Amino acid sequence: MPFKFPKPLLSSSTPFSMATNLSTALASYHHSTDANRRRITAPLPLPTKKRFGVSCNVSKRAPSPPSAVAEEQKGPSLADQLKPLSTTILADQPSETHLLSKPKSTWVNPTKPKPSVLSLQRHKRSSSYSYSPQIKDLRQFAKKLSECEESDFLGVLEGIPHPPTRENALLVLNSLRPWQKSLLFFNWVKAQNVFPMETIFYNVTMKSLRFGRQFQHIEDLAFEMIEKGIELDNITYSTIITCAKRCNLFDKAVEWFERMYKTGLMPDEVTYSAVLDVYAKLGKVEEVMSLYERGRASGWKPDPIAFAVLAKMFGEAGDYDGIRYVLQEMKSLGLQPNLVVYNTLLEAMGKAGKPGLARSLFEEMVDSGIAPNEKTLTALIKIYGRARWARDALELWERMRLNGWPVDFILYNTLLSMCADIGLIEEAEKLFEDMKGSEKCKPDSWSYTAMLNIYGSGGNVDKAMDLFKEMSEAGVKLNVMGCTCLVQCLGRAKRIDDLVRVFETSVEAGVKPDDRLCGCLLSVVSYCEGEDAAKVLACLEQANPKLVAFVKLLAANNSTNFDMVKEEFKGILSNTAIEARRPFCNCLIDICRNRNCHERAHELLYLGTIYGLYPGLHTKTEEEWRLNVRSLSVGAAHTAFEEWMGTLAKIIQRQETLPPLFSANTGAGTHKFSQGLGSAFASHVEKLAAPFRESEEKAGFFIATREDLQSWLQAKASSAVTAACTN
DNA sequence: ATAGGGTTAG
């Protein structure tokens, strides 16, 4: 089935049909109301560090040093120009004049009244090169230079076979590595003083420095150029910017782009996509879109690389509207995605939680004659695994074999992880054996982790422990995730001594326990008693002493009060990775309940709720009030239920209006950790004689009517009064 | 390594 492009939100029948293609596409982007996109994009500030004016006097050929550039406002600043079009042009109710008004140009430069994007001029390799004996000599010489000791460098340099003319020097510089040598050679050429150092020498040297991630050296060279009045061109800037990006110096990347803007030099398409990627990696979606819009408005035709950048960005944000926008834009420009763009889009579809659309997009790609590579298949297998789409995963696997599609190590490991996600034990075992028998793809710690995950979540402790032994024999290090899988299944099997041994061995081998592992240990503590609990706590003590101190604080009932709990818990949560916070809270509640500290359990649930760990715990409509306990542990679910009933009793006392129906959602237990919650909840309500009955139509739901609930709560209240009177 | 830009694993 071919992939269907989404309809533009402003269809041709709307009053805005006269809008240009660009405006239509933009409007559909800006008018989409996906909550996820807003959450991620809304509060990001614009890059307003400094407001740069564009000076008329700064010539493009000889930029002045930064301090000498006039800072007065002669045109809109870069920051102003990057303001989202949504806030400058598109009003909430776009009028036709707005949409028809010509967009402002990107690069307002007084010296160039009609700016346009510089068109790209690639350099071509001269084909006569390798036939010339002189060039062969110089290539060989460069190789010798690259391979010699750094201390011998100047000595070897004296044997240069031909005079260091401009062309000869460039040739050597181009094939020199690593960066230390390039810099030495560059400085040597400069000292010879045979010809003036032009931009290209700086650019080639910077390229080598970039391979070595030597941003400081690159920046020093750039300042030297500015000082000497040597032109910085698009190649210089894009090299500086991408080097900063690779060194994670995003501020520097933006700073150099602003500097470029300040000199009035127009970015070309390479610089454009490089900078778009910088803003994208900073998560500044609005800025990326704004720059994209400005570029489009000034005549830039985005190419596949720019679209790959946009697709990646929207994927990271889980923004499906954004992905649709990319597809729409490419379509309106008549561009077919290439392999990389398809791969990025597939990945993005997965992150946006759209496995079905990823599947259609993949089919469209294959139909259009583009053969998938390892990355394509890795993305798709991962998506099917996460979605538990067993049939699609297996079908794709089979197709890979039939078509002889390429497979690499990462893809093998992804297939194993997919088997773990879906529970394909035999398939995983077969693949794992194949990998052991292969030459190039011997199982590594990722492969073993996937297998440990399979055996661990399936409760096959013995096979998991066999793997653990096998790993140390094969010299494969256990990583933190594999350790977590083992701890989890050993804990469930109550094999605490093995658990301690695995944990100690891992830590000695260099595993750094993370919050997930700590959460896993904590959960084992919650269902262990006495000696066992103490042993596991001792492990946890090594990994997270503050957490253990908190567990002890909870247990010291007489000397602990709510404010202490609140203060300490807040500190613990703020030092915990977000994905581990709720599990921590769940386990701590379980620990309290198992030690008969029910009141503490209620306090923790309250704190967890106000710290946002249980969003959507209660939902209310006129017809139905619902308690959602799917993400809660058994103890936390019981606590939440008690809390709810307490609140309802008070509401009844105050004679306020209640809906006709009440429900509790435990989930149907398809998730591997939620199993048992439903049955535990069932026996809990039975013990309390509460009128909640398991729904026959909706799996994982418990239902009570208003009347039943009212009479039960009132009966409870009167018996409590009776009990109080008789005491 | 065409002086410069984009994609694979909890």
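Proteins get letters first, then strands, A, B, ... in listed order; numbering begins at 1 in each. None of these values were measured; they are calculated from a predicted model.
Side-chain atoms of Thr271(A) come within donor-acceptor range of the base of dG4(B), with a qualifying N/O pair under 3.5 Å. In the interface, the side chain of Thr378(A) is paired with the base of dT8(B) through a donor and an acceptor atom under 3.5 Å apart. For a distance-only test at 3.5 Å, the side chain of Asp303(A) fails to qualify as a donor-acceptor partner of the base of dG6(B). A donor-acceptor contact under 3.5 angstrom links the side-chain atoms of Ser273(A) to the base of dG5(B). Under 3.5 Å, the side chain of Asp268(A) and the base of dG4(B) form at least one donor-acceptor pair of N or O atoms. For Asn338(A) and dG6(B), a side-chain-to-base donor-acceptor distance below 3.5 Å is present, hydrogens and geometry of angles not being considered.
Here Val480(A) lies out of heavy-atom contact (under 4.0 Å) with every strand.
One finds a side-chain N or O of Lys382(A) lying less than 4.0 angstrom from the OP1 or OP2 phosphate oxygen of dG10(B). At dA9(B), none of the side-chain N or O atoms of Arg386(A) fall inside 4.0 Å of OP1 or OP2 (strictly under the cut-off). Under 4.0 angstrom from either OP1 or OP2 of dA9(B) there lies no side-chain N or O belonging to Lys375(A). Contact check, Arg210(A) against dA1(B): no side-chain N or O comes under 4.0 Å of OP1 or OP2. OP1 or OP2 of dT7(B) has at least one side-chain nitrogen or oxygen of Lys281(A) nearer than 4.0 Å. Of the side-chain N and O atoms in Lys207(A), one or more sit less than 4.0 angstrom from OP1 or OP2 of dG4(B).
Candidate nucleotides dA9(B), dG4(B), dT7(B) were compared by shortest atom distance to the side chain of Trp446(A), and dA9(B) ranks first. You'll find that the side chain of Ile235(A) is closest to dA3(B), out of dT7(B), dA9(B), dA3(B). If you check dG10(B), dG4(B), dA3(B) against the side chain of Ser238(A), the one that comes closest is dG4(B). Taking only side-chain atoms of Phe211(A), from C-beta outward, the nucleotide of dA1(B), dT7(B), dA9(B) with the closest atom is dA1(B).
The residues Lys252(A) and Glu255(A) are annotated as salt-bridged, a charged nitrogen and a carboxylate oxygen being separated by less than 4.0 angstrom.
No hydrogens or angles considered: a donor-acceptor pair under 3.5 Å links the side chains of Arg210(A) and Thr242(A). Side chain to side chain, Glu347(A) and Asn343(A) fail the donor-acceptor criterion of an N or O pair below 3.5 Å. Under 3.5 Å, the side chains of Tyr202(A) and Glu231(A) contain no donor-acceptor pair of N or O atoms. Neither side chain, Thr576(A) nor Asp515(A), offers a donor N or O lying under 3.5 Å from an acceptor on the other.
Residue Tyr272(A) and nucleotide dG5(B) are not classified as a stacked aromatic pair, given the requirement of ring centres less than 5.5 Å apart at an interplanar angle below 30°.
The nearest whole Å value for the distance from the CD1 atom in Ile410(A) to the P atom in dA9(B) is 7 Å. Atom CD1 in Ile422(A) sits roughly 16 Å away from atom C1' in dG10(B) (whole-Å rounding). Straight-line distance from the CG atom of Asn174(A) to the P atom of dA1(B): 12 Å, rounded to whole Å. Put simply, CG on Asp233(A) is 13 Å from P on dG5(B), counting in whole angstrom units. As rounded to whole Å, 14 Å separates atom C1' of dA1(B) from atom CD1 of Ile200(A).
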